[in-house]
Amino acid sequence: MSGFQINLNPLKEPLGFIKVLEWIASIFAFATCGGFKGQTEIQVSCPPTITENKTITATFGYPFRLNEASFQPPPGVNICDVNWKSYVLIGDYSSSAQFYVTFAVFVFLYCIAALLLYVGYTSLYLDSRKLPMIDFVVTLVATFLWLVSTSAWAKALTDIKIATGHNIVQELSPCKKKEILCYFGSVTSMGSLNVSVMEFRCVAQAGMQWHDLGTLQPPPPGFK
């Protein structure tokens with residue numbers, strides 16, 4: 001068995017370069033999704049008792065169990081004699097979010113192992129018949145599941161935007177009363193989540209095509 005010897009040439013070839021891109025994309029994916037925190041704000045008033053708008057806030061984040069995110073009024077403030085803490089957002093998207101993040105972590109670990117093999121054991125990889133095939137099969141399966149998890153999370157993200165958007169006002173029963181006026185305030189931007197989904201999907205599709213672009217090639221005769 002060949003010993004560990006650093007050779008950075010594989011990183012200049014499509015196989016190694018795409019693995020680096022996948023590694024970076026996986027970090028961005030589980031960091032942005034797993035660390036996301038957001039909130040939805042609604043302005044509430046009930047004239048003539050309360051003419052000034054008061055803000056109630058529902059805070060949500062990974063794993064996006066929105067049905068556990070209750071609305072919170074300002075501390076010590078009674079808004080329209082309603083227990084706002086008993087009202088929550090709608091939906092549970094934890095399965096899609098956790099699948100997405102868990103698989104991103106798996107891709108992160110697999111890319112580290114693959115890059116270690118490419119860079120440190122280049123001769124072993126080139127001389128073996130099984131390792132390139134195993135690498136190809138694992139990459140193919142992982143990329144397919146990567147696309148599946150990304151598609152599921154993209155759909156969940158769309159639903160999360162709807163559930164935390166202006167439509168939430170229509171779902172709150174106190175806001176349906178004539179004496180209580182509710183207006184949608186704001187929701188935290190989810191631009192970073194959009195970027196992570198698009199980047200993850202694009203890199204995954206590139207990963208499926210790495211075998212068409214070329215694999216690690218042995219050095220020419222006489223090259224050392």
| said: Return the SG to CG distance between Cys46 and Asp81, rounded to the nearest 0.5 Å. | reply: 7.5 Å
| said: Do Thr188 and Lys37 pair up side chain to side chain, a donor and an acceptor below 3.5 Å, judged on atom types alone? | reply: no
| Pairs involving residues 46-65, ordered by first then second residue, that meet salt bridge (Lys or Arg N to Asp or Glu O under 4.0 Å) (sequence neighbours left out) | none
| Check: Pro47 main-chain N/O paired with Thr51 side-chain donor or acceptor under 3.5 Å | no
| query | Rounded to the nearest 0.5 Å, what separation is found between the CG atom of Leu109 and the OG atom of Ser26? | reply | 8.5 Å
| task | Enumerate the residue pairs fulfilling ring pair (Phe, Tyr, Trp, His ring centres under 6.0 Å) with a member in residues 74-96, sequence neighbours excluded, ordered by first and then second residue. | result | none
| request: Report the distance from atom OG1 of Thr32 to atom CD1 of Ile27, rounding to the nearest 0.5 Å. | output: 11.5 Å
| For Ser70 and Gln72, does a side-chain donor sit closer than 3.5 Å to a side-chain acceptor? | yes
| query | So how far is it from Phe36 CZ to Leu193 CG, rounded to the nearest 0.5 Å? | reply | 5.0 Å
| query | Which is it for Val82 and Ile180 under the side chain to side chain contact (heavy atoms under 4.5 Å, CB included) test, yes or no, and what are the steps along the way? | reply | CA-CA 10 Å; Val82 175; Ile180 298 179; 3.9 Å; yes
| message | Under a 3.5 Å cutoff, is there a donor and acceptor pairing between the side chains of Tyr118 and Asp135? | response | yes
| query | What disulfide (SG to SG under 2.5 Å) pairs are there with at least one residue in residues 128-175, not counting sequence neighbours? | reply | Cys175-Cys182
| message | Under the rule for ring-ring contact (aromatic ring centres under 6.0 Å, His included), what residues qualify as partners of Phe30, not counting sequence neighbours? | response | Phe108
| Cluster check Ile90, Ile56: I/L/V/M/F/W/Y, side chain < 4.5 angstrom | no
| How are the rings of Tyr100 and Trp153 set relative to one another: parallel (under 30°), tilted (30 to 60°) or perpendicular (over 60°)? | parallel
| request: Sequence neighbours left out, what passes side-chain hydrogen bond (donor to acceptor under 3.5 Å, both in side chains) with Asn7? Give chain and number order. | output: Asn9
| note | Rounded to the nearest 0.5 angstrom, the NZ-CG distance for Lys161 and Asn194 is 3.5 Å
| said: Thr40 and side-chain contact (heavy atoms from CB on, under 4.5 Å): which single residue from Thr164, Thr57, Val169 fits? | reply: Thr164
| query | In chain order, what residues pass the salt bridge (Lys or Arg N to Asp or Glu O under 4.0 Å) check against Asp159, with sequence neighbours excluded? | reply | Lys155
| task | Tell me whether the centres of the aromatic rings in Tyr110 and Trp146 are closer together than 6.0 Å. | result | no
